[in-house]
Colleague: 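Just dropping this structure here.
First listed ligand is number 1; within each ligand, the first listed atom is number 1.
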Amino acid sequence: MSSRRRFIKKAAIGTVGITTTFSCGGSATNKDDVTKNTKPQKKPLIISTWRHGLAANDEAWKQLKNNKSALDAIVAGVGIPEADPEVRSVGYGGLPDREGKVTLDACIMDKNSDCGSVSFLQSIKHPIAVAKKVLTNTPHVMLSGKGALQFALSEGFEEENLLTEKSKIAWKKWLEDSKYKPVINIENHDTISMLVLDEEGHLSGGCTTSGAAWKMHGRVGDSPIIGAGLFLDNEVGAAAATGLGEAVIRTAGSAMVVELMRQGKSPLEACKEIVERIYNKHKNHKDMEYLQVGFIAVNKSGEHAGYSIRPGFNYAVCDDIDGNRMESATSKITKK
Ligand code: SD4
C-alpha cells in the first residue's frame with residue numbers, strides 16, 4: 001500500500017499526533033498515527049516500547065524475513081538500543097547506579113513458555129543474548145550478578161566498560177545532591193520490551209534495560225522478572241512493562257495483563273485495567289509522585305495496545321500492512 005493510501009486510510013479512522021515511519025526494512029516517511037490498533041493485523045507483527053523500538057523493530061523484522069527464529073529476531077532487534085550509547089536507559093551507555101556501576105537486567109520468553117533471564121549483570125553489552133543462553137544452555141530460568149557474569153564469560157561473551165563519558169558526567173552531577181527521584185519518561189526512551197507474533201502465529205518476547213538510574217547497588221527491577229516485566233502465554237497473548245519496576249513487581253503486572261486477555265479482554269482493556277489497579281494501589285504510596293508504568297500487549301489475533309498511567313508513553317509497531325511506525329499509548333492521567 002502506498003504511503004498516501006495508508007495516510008488516507010488512517011485519516012479516515014481518526015488521527016492523533018505526528019509519527020515517523022520506517023517501513024520495516026524501508027525508508028523513513030512522516031505520517032499521522034492512530035491512537036491504537038483494534039483490528040487484527042497480518043502476521044508477522046512486532047511491537048516494542050518507546051521510540052528506540054523503531055530501530056529495534058527494523059532489525060528484528062530483517063531477521064524474521066531471513067527466516068531466523070523469533071528469539072533470534074528479538075536478540076538482534078533489542079541488541080540495537082543495547083549497543084547504542086545514546087540510549088541512556090539500556091545496555092552500553094545506560095545510566096549507572098549510585099555507585100557509578102552500570103548494572104543490567106534482561107529476559108526472554110518463547111512460545112513454549114521457556115524463558116531465560118539475567119539480573120544485576122555488569123560489563124556485558126548484550127544481556128538479552130545472555131538471557132537467551134540461560135534459556136537454551138542451562139536448566140535454570142534466572143542467573144544473577146557474579147554468577148550471571150561468570151556464565152556469560154563461559155559462553156564466550158567479553159567484558160567491556162559500559163559506562164560512557166556522558167553517563168559518567170551525569171552520574172557525577174547526580175552525586176552533587178544524591179536524591180533518588182526517578183524521572184518520568186526519561187527522554188522518552190526507556191526500557192525496551194519487544195513482543196513478536198511470528199508468521200505461524202506464535203508469540204515470544206524480550207525485555208532489556210539498565211534499570212532505574214541512580215538505584216541502589218544490587219537493585220533489580222521488574223524487567224528480568226518473568227510475570228512482572230514480561231509475560232506471555234502462547235494460547236492467549238503477550239505483555240510487557242516499562243516504568244517504575246517496583247510498582248510492576250508489586251502487582252505482577254505483565255502476568256495480570258495476560259490473564260485478563262485469557263478472560264476475553266482485548267489488549268487495550270487488559271492493559272487499562274492493570275494500569276488502573278496499579279494506580280489505585282499506589283494512591284497513598286510514597287512512589288506516587290513519580291509513578292509511571294506503561295504496558296504493551298498483543299493477543300493471538302494480532303490486536304495490540306499500549307496504556308500507561310501518565311501521558312508520554314508510546315510504542316513502535318511493525319507489520320507488512322503499514323510498515324514500522326510509532327503509536328501513542330492512551331493514559332489514565334491525561335494532563336502532562
Ligand atoms: C526498572 N522498569 O528497572 C525498569 C525501568 C524502566 O521505564 O522500564 N523504565 O524499573
Side-chain angles (χ1 to χ4, degrees), residues 47-53 56 78 81-82 87-91 93-98 101-108 117-122 127-128 131 142 144-145 148 162 167 170 180-195 205-231 239-257 271 274-275 278-279 282 285-297 306-316 329 331:
I47 65 174
S48 298
T49 51
W50 303 109
R51 181 159 288 275
H52 53 196
V78 303
E82 278 184 337
V87 178
R88 313 287 295 287
S89 47
V90 180
L95 292 172
D97 65 17
R98 55 189 61 181
K101 305 269 186 346
V102 179
T103 75
L104 305 175
D105 294 338
C107 73
I108 195 160
S117 158
V118 287
S119 67
F120 189 45
L121 176 64
Q122 295 179 64
I128 193 74
M142 195 164 189
S144 189
L162 302 181
S167 289
Y180 182 70
K181 197 173 171 200
V183 181
I184 293 160
N185 302 334
I186 310 169
E187 294 170 36
N188 201 17
H189 51 67
D190 228 298
T191 288
I192 183 153
S193 301
M194 174 180 282
L195 305 176
C207 184
T208 176
T209 189
S210 52
W214 331 132
K215 60 194 174 186
M216 290 174 71
H217 189 59
R219 181 265 192 188
V220 170
D222 59 315
S223 304
I225 300 177
I226 299 295
L230 175 76
F231 191 68
T242 180
L244 190 70
E246 282 73 9
V248 179
I249 295 170
R250 282 179 196 120
T251 50
S254 295
M256 292 300 154
V257 172
C271 291
I274 297 308
V275 161
I278 293 174
Y279 177 84
H282 286 83
H285 197 281
K286 59 179 171 36
D287 289 352
M288 191 62 197
E289 189 191 350
Y290 45 71
L291 183 69
Q292 168 66 318
V293 170
F295 290 98
I296 53 170
Y307 198 94
S308 57
I309 292 181
R310 298 176 199 269
F313 175 43
N314 54 12
Y315 65 107
S331 59

Colleague: Tell me, with the steps shown, if Asp97 and His217 meet side chain to side chain donor-acceptor pair (under 3.5 Å).
Modeller: CA-CA 6 Å; Asp97 65 17; His217 189 59; 2.6 Å; yes
Colleague: Ser144 and Ser119: side chain to side chain donor-acceptor pair (under 3.5 Å), yes or no, with the steps?
Modeller: CA-CA 5 Å; Ser144 189; Ser119 67; 2.8 Å; yes
Colleague: Could you tell me whether Lys215 and Glu246 have a side-chain N and a carboxylate O separated by less than 4.0 Å?
Modeller: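 Salt bridge: no.
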Colleague: Gly245 to ligand 1: N or O pair under 3.5 Å?
Modeller: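 Between Gly245 and ligand 1, an N or O pair is found under 3.5 Å apart.
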Colleague: Decide whether Thr209 and Thr191 meet the rule of one side-chain donor and one side-chain acceptor closer than 3.5 Å.
Modeller: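 Present: a donor and an acceptor within the cut-off.
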Colleague: Which is closest to atom 4 (C) of ligand 1 in terms of heavy atoms, Ala212, Gly243, Ser89?
Modeller: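 Minimum heavy-atom distance to atom 4 (C) of ligand 1 goes to Gly243.
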Colleague: Atoms of ligand 1 less than 4.0 Å from Asp190 heavy atoms?
Modeller: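 The list of qualifying atoms is 6 (C), 7 (O), 8 (O), 9 (N).
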Colleague: Is Thr191 close to ligand 1, meaning an N/O of one under 3.5 Å from an N/O of the other?
Modeller: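 Right, the criterion is met.
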Colleague: Output yes when Asp190 and Arg88 qualify as a salt bridge under the 4.0 Å nitrogen-oxygen rule, no when they do not.
Modeller: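 No, no charged N to carboxylate O under 4.0 Å.
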Colleague: For ligand 1 and Trp50, I'd like to know whether there is a polar contact (N/O to N/O, distance under 3.5 Å).
Modeller: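 N/O-N/O distance below 3.5 Å does not exist for this pair.
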Colleague: With atoms numbered from 1 as shown, which atoms in ligand 1 lie under 4.0 angstrom from a non-hydrogen atom of Ser223?
Modeller: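 Heavy-atom distances to Ser223 below 4.0 Å select 2 (N), 4 (C).
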Colleague: With heavy-atom distances below 4.0 Å as the criterion, list the atoms of ligand 1 near Gly211.
Modeller: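 Per the distance check, 3 (O).
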Colleague: Has ligand 1 got any nitrogen or oxygen that is less than 3.5 angstrom from a nitrogen or oxygen of Arg219?
Modeller: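 Between Arg219 and ligand 1 (N or O atoms, distance only) the closest approach is under 3.5 Å.
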Colleague: Please check if any side-chain donor atom of Thr208 sits under 3.5 Å from a side-chain acceptor atom of Glu82, or the reverse.
Modeller: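 Per modelled atom types, Thr208 and Glu82 side chains form a pair under 3.5 Å.
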Colleague: Find all atoms of ligand 1 within a distance of less than 4.0 Å from any non-hydrogen atom belonging to Asp222, and give their numbers and elements.
Modeller: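 Those atoms are 1 (C), 2 (N), 4 (C), 10 (O).
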Colleague: Decide whether an N or O pair under 3.5 Å exists between Asp105 and ligand 1.
Modeller: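 No, no N or O pair falls under 3.5 Å.
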